[in-house]
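Worksheet for the structure shown next.
Note on naming: letters A, B, ... go to the chains in the order of the sequence lines (proteins, then strands), and numbering restarts at 1 for each one. Keep in mind it's a predicted model, so treat the numbers as computed, not measured.
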Amino acid sequence: MDKPKTKIDRDLYEYWEKSGFFKADPDSAKTPYSLLIPPPNVNGPLHLGHAMQHAILDCLARFKRMQGFDVLLLPGVDHAGILFEGTLNKLLEKEGLSKQKLGREEWMKRAWQFKDENYQAFHDTWKLMGLSADWSREVFTLEPKVQKAVLEEFKTFWDQDLLYKGAYIVQWCPKDQTAIEDLEMEYEERQEKFYYIRYKIDGSDDFILIATARPETIAADVAVAIYPNHPKFAKLIGKMAKNPFTATKIPIIEDKRVEKDFGTGALKITPGHDLLDYEIGKTHKLPILHVVSKEGHITNLDPNLNGLKIIEARDKAAGILNEKGLIEKVEEYTHSVPVCERCKTTIEPLISEEWFVKMKPLAQKALKNIGKICFLPKNYHKIISDWLKEIHDWSISRSLWWGHRIPVWYCQKCNPSHEVGKDKDMVISLEEPKDPDSGELKKCQTCRLSRWVQDEQVLDTWFSSGLWPMATLGWFTRRSLDEGGPNRTKELERYYPWDFELTAPEIKFLWIARMIMLGLWFMDEIPFKNMFFHGMLRDLQGRKFSKSLGNGIDPYELVEQWGTDAARMALYSYSAPGRDAKTSRQIMDERCKNYRNFGTKLRNITRFVIDLAPEKITSSSSTLRNDVIASEAKQSKHPDERSVHNDDRIILEQLNQTISEVTKNIESFNLHLATEKLYSFIWHDFADIYIEDTKNRRAQAQPTLEHVLKTSLQLLHPFMPFLTEELWLKILSSVEGQKLPHINESIMLSNWPGSIDN
RNA sequence: GGACUCCUAGCUCAGCUGGUUAGAGCGCUUCAUUUACACUGAAGAGGUCAGAGGUUCGAACCCUCUGGAGUCCACCA
């Protein structure tokens, strides 16, 4: 029974799209209003959160269009580097395949295939939701347009000395085989053993007691550090301790970063595998040893543990120490262990060659200007500012295949170790570097050969996503970089900064803060005027929806069962800015059902008002039609002043109040309040009271009935686009007896109702 | 350790800058019985707005404290 309705929705969508109603027009004389769709990650299907985002964006877009703005609702998709690669590799694993087995070329083929599948699914869902986006401007983050923007970003950073490459300690995910940044980690509470180990003092029977959770890394210990003036250990300063595994002499040093009350107050220093140790090692100019490989195995630095996985090595190391009588005691303790946010693998801090961006100057500029952005809820201003104040350098390289490959080429002969610097044999370029004049391959200035190899790594996803507000509008696509032509497209001039952007709070730093910094840095202007953080939908126990928990709610199923409009309305009821909400399939069904019923009510109202109109007022229908077509907002004039019944006056007053309240609430992004008002006005004020009261004076009330109905449809259209359009066209065709909609009669083109000035 | 948010009817949630008897949906009770609409209508029960104190003529809303739930950031040798 719902099938034909879905069919009508699809037809309507096609009608809108073909008529070009979704398209922005940069040449228009209208005031622009721009909304940027946060690009969903192309690694999996859209979920309820996406559906809510799309419902909100679409509502605002439709509202602004009706208000007479030139609306740009720009869609796009993110390649989602590490996330996508992880998902695909898991799929390949099931087929018995892997990255290594396939090789880069074949793997990339599969990757693009997988991307296309998801992409198609996105489009289906978007259209099903009624998203009125300008499809002609859709952007994918790996397309040439974005590549050029990314190149520009990279090159500019390089020229400004904000970019560096080097071997530093990083958070390494052994499963994904790449460095990740702090924001991509989370912590898991684990119960582990805490070993108290004796490090012998060289040339004495004395020892220094050290507490550690990682005995397997002892071979890479290069010092023992105590906090300054430790009452028990201070006398040992200047002496050497002996590494329990390698018997190497290691110095005992003082450093105030050691906590006196943690463990024994003495810390083993392993600069190769711990962030704090790395810092302390740097200060004291200690060597760096590697005992954990990028695969998460012990290296040959420790012959006893060589090749073992971390966990195995830990037990064995403890065993060996125990045999040597070096373990004083073992405690059980719980602490949080950093894991990869994506694959939950334990992170191994280790030294790796990576690229970094110096963020201080960008953050400072952002801090100066962040006040120009209107955040909803407004406390996000503080949250993001606080983070910006504490910013550290951004590690932007990832050892993946899926993403923007770092646009740096090294001379194979002169720069085999891929060193980086103004005086090194390297070139920044998307393609194999060419000479701009001859078009031939560029020659290395040292060896005059043209054998270039590109950097193996790709850029962090957010390096490109951070440019989203600019790249989508053609930032730096108008000129090649060497030409110096205008870098601002018409679109960029017109639609940047964006009027509205929204997102889930979980990517406020990864994405939003980056966009703010990059936008200000490159455009000298904030990227968006209104930044809306919606709440997170959670299950009834307050957990996030996730595939692994299997507690997700498929928006597609809701739409199938209750219709798009009903599903949208249910989502608006959860859209209060920044408010998390608990829900379940059952609760979503209840709400959807309620709004499905509301839709039916509206359908019945229309049947009553239009289909069952009294015969004698056929003549007034032409008035209605003119009214509808002209539809000047201010012209929602009220019908026939002379015969105003008191009930008419009341309903028109209520209508007026509804208009101003709904308008105000949409403008302040309180969609949940707008829908609530419309619901109670249409159902209770209009249907239950007014319509009932007009039954004994139907003919007299008919013009008011039609007027209120028509205006209600308009007010409701941004929220329930399909039903309102269907009924709107029905009203028109009932007047002229036509069946098919004529262009320019869509409710989308009607003007937003204004309240009548009394 | 630092920051933020929340606790309102059985359930899920609204309640703008403090202002008359605190709202919605679902659920519940009673009635109406084919009405444009049963995907309905009418009537109703149900809340000392987490607790305590304070400011105020007046507090669900502002301040302080306590309790509970959750999120984020930092850290856990």
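The same atom, C1', is picked in B:rC37 and in B:rG18; the two are 42 Å apart, to the nearest Å. For the C1' atoms, the distance from B:rA32 to B:rC26 is 22 Å, rounded to whole Å. Annotation: B:rC28 and B:rG47 have their C1' atoms spaced 16 Å apart (nearest Å). Taking the C1' atom of each, B:rU33 and B:rG23 are spaced 31 Å apart, rounded to whole Å. Nucleotides B:rA43 and B:rC57 place their C1' atoms 37 Å apart, quoted to the nearest Å. B:rG25 sits 15 Å from B:rU8 when the C1' atoms are compared, rounded to a whole Å. Going from the P atom of B:rA9 to that of B:rG58 covers 26 Å, rounded to whole Å. One P atom belongs to B:rC7, the other to B:rG15, and the distance between them is 10 Å to the nearest Å.
In the set B:rA36, B:rA77, B:rC72, the nucleotide with an atom closest to the side chain of A:Phe608 is B:rA36. Between B:rC73, B:rC16, B:rG41, one nucleotide has an atom nearer to the side chain of A:Trp683 than all others, and that is B:rG41. The side chain of A:Tyr574 sits closest to B:rU12 out of B:rU12, B:rC72, B:rC73. Residue A:Ser336 has its side chain nearest to B:rC75 when only B:rU12, B:rC72, B:rC75 are considered.
Evaluation of atom-type donor-acceptor distances gives no pair under 3.5 Å for the side chain of A:Gln541 against the base of B:rA69.
With rounding to whole Å, A:Phe598 atom CZ is found 15 Å from B:rU40 atom C1'. Separating the CG atom of A:Leu376 from the P atom of B:rC16 is a distance of 15 Å, rounded to the nearest angstrom. Here the P atom of nucleotide B:rU12 and the CG atom of A:Leu540 are 6 Å apart, to the nearest Å. The nearest whole Å value for the distance from the CH2 atom in A:Trp511 to the P atom in B:rC72 is 19 Å. We find that CG of A:Asp693 is positioned 13 Å from C1' of B:rA42, with the value rounded to whole Å. Rounded to whole Å, the distance from NZ on A:Lys582 to P on B:rU71 is 11 Å. The interatomic distance linking A:Asp274 (CG) with B:rA77 (C1') rounds to 7 Å, in whole Å. The distance from atom CG of A:Asn604 to atom C1' of B:rA36 is 6 Å, rounded to the nearest whole Å.
Although no hydrogens or angles enter the test, the distance criterion places no donor-acceptor pair under 3.5 Å between the side chain of A:His290 and the main chain of A:Gly272. The backbone N or O of A:Met536 lies less than 3.5 Å from a partner atom in the side chain of A:Asp580, making a donor-acceptor pair. A:Glu667 places no side-chain N or O within 3.5 Å of a backbone atom of A:Val662 that could act as its donor or acceptor partner. Of the possible polar contacts, none joining the A:Glu192 side chain to the A:Tyr333 backbone as a donor-acceptor pair under 3.5 Å is found. Not a single donor-acceptor pair under 3.5 Å links the side chain of A:Glu706 to the backbone N or O of A:Pro703.
Contact between the side-chain N/O atoms of A:Lys695 and the OP1/OP2 oxygens of B:rA36 is found at a separation under 4.0 Å. For B:rA77, the OP1/OP2 oxygens have no side-chain nitrogen or oxygen of A:Tyr196 closer than 4.0 Å. In this structure, A:His335 reaches the B:rA77 phosphate: one of its side-chain N or O atoms is under 4.0 Å from OP1 or OP2.
In terms of the ring-ring contact (aromatic ring centres under 6.0 Å, His included) criterion, A:Tyr690 has no residue partners (sequence neighbours excluded).
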- Any chance you could list the contact pattern along nucleotides 19-29 of chain B? Use B for base contacts, S for sugar-phosphate-only contacts and - for none, protein heavy atoms under 4.0 Å, 5' to 3'. ------SS---

- Note on the structure: Counting primed atoms, P, OP1 and OP2 as sugar-phosphate and everything else as base, the B/S/- map of nucleotides 1-8 of chain B against protein heavy atoms under 4.0 Å is --SSSS--

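Heavy atoms from other residues, nucleotides or ligands lying under 6.0 Å from NZ of A:Lys344 number more than 12.
Residue A:Tyr595 is out of contact with every strand shown, counting any heavy-atom pair closer than 4.0 Å. Using a 4.0 Å heavy-atom distance criterion, A:Glu390 is classed as making no nucleic acid contact. Among the atoms of the strands shown, base atoms are found under 4.0 Å from some heavy atom of A:Leu267. Within the 4.0 angstrom heavy-atom criterion, base atoms lie near A:Ile605. Using a 4.0 Å heavy-atom cutoff across all strands shown, A:Asp688 reaches sugar-phosphate atoms only and no base atom. Among the heavy atoms of the strands, none lies under 4.0 Å from A:Val337. Among the atoms of the strands shown, base atoms are found under 4.0 Å from some heavy atom of A:Glu259. As judged by a 4.0 angstrom heavy-atom cut-off over every strand, A:Tyr333 is placed among residues touching the sugar-phosphate backbone only. Counting any heavy atom pair closer than 4.0 Å across all strands shown, A:Lys601 reaches a base atom.
Relative ring orientation between A:Phe194 and A:Phe262 is described as perpendicular, the plane-to-plane angle rising above 60° on a 0-90° scale split at 30° and 60°.
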Residues 673-681 of chain A, side-chain donor-acceptor partners within the protein, below 3.5 Å, at least two apart:
{"unit_1": "A:Thr675", "atom_1": "OG1", "unit_2": "A:Leu671", "atom_2": "O", "d": "3.1"}
{"unit_1": "A:Thr675", "atom_1": "OG1", "unit_2": "A:His672", "atom_2": "O", "d": "3.1"}
{"unit_1": "A:Tyr679", "atom_1": "OH", "unit_2": "A:Asn594", "atom_2": "OD1", "d": "3.4"}
{"unit_1": "A:Tyr679", "atom_1": "OH", "unit_2": "A:Asn594", "atom_2": "ND2", "d": "3.2"}
{"unit_1": "A:Ser680", "atom_1": "OG", "unit_2": "A:Lys677", "atom_2": "O", "d": "3.3"}

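Toward the 5′ end of RNA chain B lies the nearest nucleotide of A:Ile689, the other residue of the pair A:Ile689 and A:Ala266 mapping further downstream.
If you check residues 207-222 of chain A against RNA chain B, the residues with a heavy atom closer than 4.0 Å are A:Ala211, A:Thr212, A:Ala213, listed by number.
Taking the six-membered ring for Trp, A:Tyr227 and A:Phe233 have ring centres at least 6.0 Å apart.
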- Message: Assess the residue pair A:Ile226 and A:Val258 against the criterion (side-chain contact (heavy atoms from CB on, under 4.5 Å)); give the C-alpha distance rounded to whole Å, side-chain angles, the decisive distance to 0.1 Å, and a yes or no.
- Response: CA-CA 6 Å; A:Ile226 60 172; A:Val258 180; 5.7 Å; no

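Residue A:Thr270 is tested with A:Thr217, A:Ile218, A:Leu276 for a side chain to side chain contact (heavy atoms under 4.5 Å, CB included); the sole match is A:Thr217.
Taking a cutoff of 4.0 Å between a charged side-chain nitrogen and a carboxylate oxygen, A:Lys389 and A:Asp386 qualify as a salt bridge.
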- Map every base of RNA chain B to its dot-bracket character, where paired means a Watson-Crick or G-U wobble contact with both distances under 3.5 Å and | marks a partner outside the strand. (((((((..((((.....[...)))).(((((.......))))).....(((((..]....))))))))))))....

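A side-chain N or O of A:Arg257 and one of A:Thr283 form a donor-acceptor pair less than 3.5 Å apart.
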